Amino acid sequence: MAISPIGAVGASPVYSSLSFKVGMPGEKPPVHNPEGIAVRRRILNEFGIQVLDSDVRFSKAELLVIEKVLNDLKKKKRNHLIGVKDIVKNKELKIRLLKNALVHAGGAYVAEQKRVYLFDELPPEEIPEVLIHEIGHAVNHFNLSFARFMDFVKESGWNMKEMRRVFFNDNKLYQFGTKELDVPKDKWNNVWERFSLNSLTKEQDVFGEIFLDMPQKSNAPWDKNPLEKFAWAYEWFYNKNKAFKKIADRAYEETGDDTLKKAYEFMQNEVFS
């Protein structure tokens, strides 16, 4: 049973984990089962999540890793899976073309379909890290209010700047232009309605008039945009909790930078509490 490709451009079609039949009309055809059908059915029955193949297929070993990750998360926060309906193995290059896909080094998340992609070159031992990262994106979209997420953004090192249209009286030729104005953090709630999660991936509002800016921004993937910052913090808190806290405390003690410390505390108090 094929599921329609998603997005404006084609990801590989994905296929049901249920058995399917081939053969000539009138014959009793042989039945072909995808690898690990029992594991797929357990995941579907326990979590309501379909694990699907495309033009690349999951091995049974990979399916068992996925099942373990989901079981472990269930013990802590089962409701964190409400934003995941499918887990699909697919080729990375095809997913990078999809509109609104949040692409990670080993996987991606598309909120409109509640679909996690794991890429074909991802080794089984790296599945737990990547899968938790993509579930972090799902939690951002479906478990967290926008107001609470913007609190996370404020505490994670971003500033907000408005490019306001102004009148220059002294210039006779070009009297209208734009002026960069800081938006104080206590005024952010006045402009929340101008943003969406999709616009925040570009660090701007939906009109392209207000921008997020991070001083001394690094090239690290967690500084790419606020949604990636949240997903990385989610992954670190879940998979590397002690190391995350140690690094955050050290950064605060040595440089006075409390952004990682606040990210850790947000995960502890707002997401996993």
Side-chain angles (χ1 to χ4, degrees), residues 7-8 80 83-84 92-93 95-119 129-163 180 182-183 185 188-189 191-240 244 247-248 251 257-267 270-271:
H80 281 191
V84 181
E92 177 179 0
L93 289 177
I95 302 306
R96 287 190 178 276
L97 297 175
L98 289 180
K99 183 180 180 181
N100 295 336
L102 298 165
V103 181
H104 173 270
Y109 180 69
V110 181
E112 290 80 0
Q113 284 75 32
K114 296 186 175 181
R115 182 170 290 175
V116 168
Y117 286 98
L118 299 179
F119 294 150
E129 176 181 318
V130 175
L131 183 53
I132 289 295
H133 182 95
E134 304 312 331
I135 290 172
H137 282 305
V139 169
N140 190 355
H141 278 81
F142 294 98
N143 295 80
L144 199 68
S145 72
F146 191 76
R148 289 171 70 199
F149 178 62
M150 289 304 285
D151 286 338
F152 172 83
V153 177
K154 280 194 294 186
E155 295 176 352
S156 298
W158 271 275
N159 297 321
M160 190 181 289
K161 297 181 182 295
E162 180 182 359
M163 301 303 293
E180 184 180 285
D182 290 329
V183 180
K185 292 193 173 183
W188 279 29
N189 59 335
V191 296
W192 279 344
E193 70 277 4
R194 299 173 64 94
F195 289 85
S196 70
L197 289 178
N198 285 335
S199 78
L200 286 169
T201 64
K202 302 174 184 178
E203 299 180 290
Q204 65 179 47
D205 71 339
V206 296
F207 306 106
E209 297 173 348
I210 301 178
F211 297 85
L212 296 178
D213 172 66
M214 178 182 286
Q216 299 179 340
K217 185 175 182 180
S218 73
N219 291 322
W222 45 85
D223 281 346
K224 182 178 180 182
N225 60 58
L227 277 72
E228 281 301 322
K229 188 81 162 190
F230 182 92
W232 279 98
Y234 184 94
E235 175 197 326
W236 291 339
F237 188 91
Y238 186 86
N239 285 329
K240 308 168 186 178
F244 183 13
I247 292 170
D257 183 355
D258 64 352
T259 54
L260 284 178
K261 190 172 184 291
K262 287 183 176 180
Y264 180 92
E265 291 170 352
F266 188 90
M267 289 295 151
E270 301 291 337
V271 180

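In this chain, numbering begins with 1 at the start of the sequence shown. The analysis underlying the following values was restricted to heavy atoms, covering all of them including side chains, and did not include hydrogens, waters or symmetry mates. Quick caveat: nothing in here was measured; it's all calculated off a predicted structure.
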Quick one: side chains of residues 191-198, donor-acceptor pairs under 3.5 Å with protein atoms, not counting sequence neighbours, listed by atom name and distance.
from: Arg194; atom 1: NE; to: Asp205; atom 2: OD2; distance (Å): 3.2
from: Arg194; atom 1: NH2; to: Asp205; atom 2: OD2; distance (Å): 3.2
from: Arg194; atom 1: NH2; to: Glu209; atom 2: OE1; distance (Å): 2.4
from: Ser196; atom 1: OG; to: Asn198; atom 2: N; distance (Å): 3.4
from: Ser196; atom 1: OG; to: Ser199; atom 2: N; distance (Å): 3.0

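- In terms of the ring pair (Phe, Tyr, Trp, His ring centres under 6.0 Å) criterion, residue partners of Phe244 (sequence neighbours excluded) are, by chain and number, Trp236, Tyr264.
- Closest non-hydrogen pair, Pro221 versus Glu228, comes out as O-CB, 3.7 Å.
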Could you go through residues 142-151 and list every donor-acceptor pair under 3.5 Å that involves a side-chain atom there, pairing it with any protein atom two or more places apart or in another chain?
from: Asn143; atom 1: ND2; to: Asn79; atom 2: O; distance (Å): 2.8
from: Ser145; atom 1: OG; to: Arg148; atom 2: N; distance (Å): 3.2
from: Arg148; atom 1: NE; to: Glu270; atom 2: OE1; distance (Å): 3.3
from: Arg148; atom 1: NH2; to: Glu270; atom 2: O; distance (Å): 2.5
from: Arg148; atom 1: NH2; to: Glu270; atom 2: OE1; distance (Å): 3.1

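- Scanning both residues, Ala111 and His141, for their nearest heavy atoms gives CB-CD2, 3.3 Å.
- Here the closest non-hydrogen pair linking Arg96 and His104 is NH2-O, 4.2 Å.
- The closest donor-acceptor contact from the side chain of Trp188 to the backbone of Val183 lies under 3.5 Å.
- Listed by chain and residue number, nothing satisfies the side chain to side chain donor-acceptor pair (under 3.5 Å) test with Asn159 (two or more places apart in sequence, or in another chain).
- In this structure Ala108 satisfies the side chain to side chain contact (heavy atoms under 4.5 Å, CB included) test together with Ile95, Val103, Tyr117, Phe119, sequence neighbours excluded.
- A search for ring pair (Phe, Tyr, Trp, His ring centres under 6.0 Å) contacts involving His137 returns His133, not counting sequence neighbours.
- When every heavy atom of Glu92 is checked against every heavy atom of Ala105, the shortest pair comes out as OE2-O, 4.1 Å.
- With rounding to the nearest 0.5 Å, the separation of CE in Met160 from CG in Asp213 is 11.5 Å.
- Note that CG of Asn225 and CE of Met214 are 9.5 Å apart. Values are rounded to the nearest 0.5 Å.
- In this structure, the side chain to side chain donor-acceptor pair (under 3.5 Å) partners of Glu112, at least two apart in sequence or on a different chain, are Asn100.
- For Asp258, the salt bridge (Lys or Arg N to Asp or Glu O under 4.0 Å) partners are Lys262, not counting sequence neighbours.
- Judged as a salt bridge (Lys or Arg N to Asp or Glu O under 4.0 Å), the pairs with a partner in residues 218-227 (not counting sequence neighbours) are, in order, Asp223-Lys229.
- Evaluation of the ring pair (Phe, Tyr, Trp, His ring centres under 6.0 Å) rule for Tyr234 yields His80, Phe272 as partners, not counting sequence neighbours.
- Shortest non-hydrogen contact noted between Gly83 and Ala138 is O-CB, 3.8 Å.
- The side chain to side chain donor-acceptor pair (under 3.5 Å) test applied to Glu203 returns Trp158, Lys217, not counting sequence neighbours.
- Taking the side chain to side chain donor-acceptor pair (under 3.5 Å) definition, one finds that Lys161 meets it with Asp182, sequence neighbours left out.
- When all heavy atoms of Pro226 and Phe152 are compared, the closest pair comes out as O-CE2, 4.1 Å.
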